[in-house]
Amino acid sequence: MQRRAALLVVDVQIDFCPGGALAVPNGDQVVPLLNRYLELFNQRSAPVFASRDWHPEQSKHFKEQGGIWPVHCVQGTAGADFHPGLRLPEGTILISKGMTNWDNGYSALQGVTENGTPLAMLLRRMELDRLYVGGLATDYCVKESVLDALKEGFTVTVLTDAIRGVEVQAGDSEHALQEMLAAGAGQATFASVRSTLQAEGEAHLPARTG
Ligand code: VGL
């Protein structure tokens, strides 16, 4: 049976980019890379999901309420917008997470669509079984999304050229990647993802005659 792949772009929001409220070092560097993936998936009519942190003003996630993070990605604020350079294709499915004042909202798999459908449920309904994941941040939302997707039984590939970490402690991103790989994720960069998708596409074309 053909595996059906989708792209999940995690939290490429202004607050996670340089100058933002919780800037990931070089976070904006993922944008041109992700744009190439977005184009690749879109050309193949493969579904694209984009998650966003979408917090209320008060959340236990924030330092002021006992959490560890500065206030960021508050619903409806400019910092919660996607990076303006990110070219999300028409039809991108928006996933919001961290919307209550008691939840950290790290995992996109715990996020919901605009209709309130949980991402994991939607992936099953759309018969998607393989997820390619890139975005921000390697050591939090990318990691938790990948680990959750694996737990839910999906095949997951981490796009190592299109992720960046917060690095609260130096080495956190590398540890996060190792944890994802140990849990069963694969890793890949653009050229190999492109050839994999191309090879699969061709394998499903009718055999040539003559
Ligand atoms: C994130 C830290 C706090 C993330 C979100 O998107 O990875 N990191 N909140």
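Hydrogens, waters and symmetry mates play no part in the numbers below; they use all other heavy atoms, side chains included. Read the numbers this way: they start at 1 and go in the same order the structure lists the ligands and their atoms.
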Output yes when a side-chain donor or acceptor of T196 lies under 3.5 Å from a complementary backbone atom of S192, and no otherwise.
-> yes

Less than 3.5 Å between some nitrogen or oxygen of V166 and one of ligand 1, yes or no?
-> no

Could you tell me whether V10 approaches ligand 1 through its side chain, its backbone, both or neither, with non-hydrogen atoms closer than 4.0 Å?
-> neither

Should you measure from each heavy atom of L22, which atoms of ligand 1 turn up under 4.0 Å away?
-> 2 (C), 3 (C)

In the protein, which heavy atom is nearest to atom 5 (C) of ligand 1, and how far is it?
-> D53 OD2, 3.2 Å

N/O to N/O below 3.5 Å, does that happen between H72 and ligand 1?
-> yes

Check whether L128 and V156 end up in the same hydrophobic cluster, where Ile, Leu, Val, Met, Phe, Trp and Tyr are linked by side-chain heavy atoms less than 4.5 Å apart.
-> yes

When you measure from atom 8 (N) of ligand 1 to every protein heavy atom, which one gives the shortest distance, and what is it?
-> Y140 CB, 3.5 Å

So the atoms of ligand 1 within less than 4.0 Å of a heavy atom of H61 turn out to be 3 (C), 9 (N)

Structural part of V142 in contact with ligand 1, heavy atom criterion under 4.0 angstrom | neither

Within 4.0 Å of some non-hydrogen atom of A137, the atoms of ligand 1 are 4 (C), 6 (O), 7 (O)

Any heavy atom of E144 sitting closer than 4.0 Å to ligand 1?
-> no

For the pair H55 and F62, evaluate ring-ring contact (aromatic ring centres under 6.0 Å, His included) and give the outcome as yes or no after the intermediate values.
-> CA-CA 10 Å; H55 296 305; F62 299 147; 5.4 Å; yes

When you look at CD of E57, are more than 12 heavy atoms from neighbouring residues, nucleotides or ligands closer to it than 6.0 Å?
-> no

Numbered atoms of ligand 1 (with element) below 4.0 Å of W69, judged on heavy atoms | 2 (C), 3 (C)

Look only at interatomic distance and state if D11 has a nitrogen or oxygen under 3.5 Å from any nitrogen or oxygen of ligand 1.
-> yes

Using a strict 4.0 Å threshold on nitrogen-to-oxygen distance, state whether E200 and R130 make a salt bridge.
-> yes

Going by atom types alone, do D148 and S107 pair a side-chain donor with an acceptor below 3.5 Å?
-> yes

In ligand 1, which numbered atoms sit nearer than 4.0 Å to a non-hydrogen atom of C141?
-> 1 (C), 4 (C), 5 (C), 6 (O), 7 (O)

Decide whether the shortest distance between a heavy atom of K143 and an atom of ligand 1 is less than 4.0 Å.
-> no

Assert yes or no for the condition that the ring centre distance of Y37 to F190 is strictly below 6.0 Å.
-> yes

Which pairs, with at least one residue in residues 166-183 and sequence neighbours excluded, count as a salt bridge (charged side-chain N to carboxylate O under 4.0 Å, His left out)?
-> K143-E179

Applied to residues 75-102, the salt bridge (charged side-chain N to carboxylate O under 4.0 Å, His left out) test, sequence neighbours excluded, yields D11-K97, D53-K97

